[in-house]
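Report on the structure given below.
In each ligand, atom 1 is the first atom listed, and ligand 1 is the first ligand listed. Below, each value reflects all heavy atoms present in this structure, side chains not excepted, and no hydrogens, waters or symmetry copies. Predicted model, so just to flag it, every value in this text is computed and none were measured. Throughout, residue positions are numbered sequentially from 1 according to the sequence presented.
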Amino acid sequence: MKDKVTVTTIRKMKSEGDKITALALYDHAFAALADQAGVDIALVGDSLGMTFQGEENTLKVTMDHMAYHTRAVGKGLQRALLVADMPFMSFRLGIERTLENAGRLVAEGAEAVKLEGVESIIGSIRELVAAGIPVMGHLGLTPQSVHALGGFKVQGKEPDAAKRLVEDACRLQDAGVFSLVLECVPMEVGAKVTSQVQIPVIGIGAGPYCDGQVLVANDMLGLSPTRKPKFVKEYTDLAAVAQAAFGEFAREVRSGAFPDQEHSYTTPMRRLKAL
Ligand code: KIV
């Protein structure tokens, strides 16, 4: 196993020009596979509301959900840094509740938390960092603001909006975040933000010039049949593989081909005589 990834590793990767790899995932099995494959960051994203729970957006995800999945993912990791999303409103109801919620995720295994946005949360970010909880920022398309943004749309297309993104990234950096997710912006804007801050910028739909890339594991495995943003590259079609296996199982059960001897237990018949 290569060395354990920490927030220090992630910071250093930018200065050394090493690309950072991250995947959003929600369970022990995928976490272990990503870890063994050498992915640097396992992000327990609140995208689980959509990919795992089948909701239209991430707004119904609760602290209980995040705590449950953070624990499960943590059990699968040996090397990757575990970052957990703070769900909708969990960091906007006062500093005390923010600290309590972040502390709960850390107790479940998170090594850092991710917060969306910048307005009105700078104070909370400073408090979290002061409490020893590393914070990852999230700018651009921030799904928890889907209603305010008018849908899942590319952000920062106009010069004013792009300038604001650069300013917001600098504000987050000043508040102490150790890195930043930048979602769904033109690649020129991704490049600009990345070059204007010292912290690593991890893009998702933000072009190739970011310091690293994150994708949702379900999306890149071909397991998200409904909404497929342009930035998703499907590296395989796991849905087809799973569907074929499920179909074969159903056919074999109906025909009697499964279970066969190989998949059954045996005991000497004489032991059953007394029954
Ligand atoms: O919730 C999530 O999975 C995320 C990633 C898309 C970055 O925030």
Leu48, portion touching ligand 1 at heavy-atom distance under 4.0 Å: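 No part of Leu48 is near ligand 1 at this cut-off.
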
Shortest protein contact, [atom] (heavy atom only):
{"atom": "atom 5 (C) of ligand 1", "value": "Leu43 CD2, 3.7 Å"}
{"atom": "atom 6 (C) of ligand 1", "value": "Ile204 CD1, 3.5 Å"}
{"atom": "atom 8 (O) of ligand 1", "value": "Lys114 NZ, 2.8 Å"}
{"atom": "atom 2 (C) of ligand 1", "value": "Ser47 OG, 3.3 Å"}

Hey, which atoms in ligand 1 end up nearer than 4.0 Å to a heavy atom of Ala24?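 Close to Ala24: 3 (O).
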
At a 4.0 Å threshold, what atoms of ligand 1 neighbour a non-hydrogen atom of His138?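 So the atoms of ligand 1 that pass are 8 (O).
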
Min heavy-atom dist Glu116 to ligand 1 below 4.0 Å: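 No, that is not the case, since the closest heavy atom of the residue is not under 4.0 Å from the ligand.
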
Any nitrogen or oxygen of Glu183, side chain or backbone, less than 3.5 Å from one on ligand 1?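 No - when backbone and side-chain N and O of Glu183 are compared with those of ligand 1, no distance drops under 3.5 Å.
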
Indicate whether the side chain of His138 and that of Gln144 have a donor and an acceptor atom separated by less than 3.5 Å.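 Note: His138 and Gln144 side chains miss the donor-acceptor criterion.
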
Does a donor on one side chain and an acceptor on the other come within less than 3.5 Å for Asp211 and Thr194?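 Result is no, nothing qualifies.
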
Would you mind telling me which of Asp40, Asp3, Asp35 makes a side-chain hydrogen bond (donor to acceptor under 3.5 Å, both in side chains) with Arg79?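 Only one option passes, and that is Asp40.
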
Inter-residue atom distance Ser90.OG - Glu100.CD, 0.5 Å rounding: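 That separation rounds to 11.5 Å.
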
Reported CD-to-CZ distance for the pair Glu119 and Arg171, which is rounded to 0.5 angstrom: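 Rounded to the nearest 0.5 Å, the CD-CZ separation comes out at 4.5 Å.
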
Worked verdict on His28 versus Lys75 for side chain to side chain donor-acceptor pair (under 3.5 Å): CA-CA 6 Å; His28 170 269; Lys75 296 279 180 196; over 6 Å; no

Here's a test for you: under side chain to side chain contact (heavy atoms under 4.5 Å, CB included), which of Val201, Ile202, Ile20 qualifies with Cys210?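 Single pass found, and it is Val201.
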
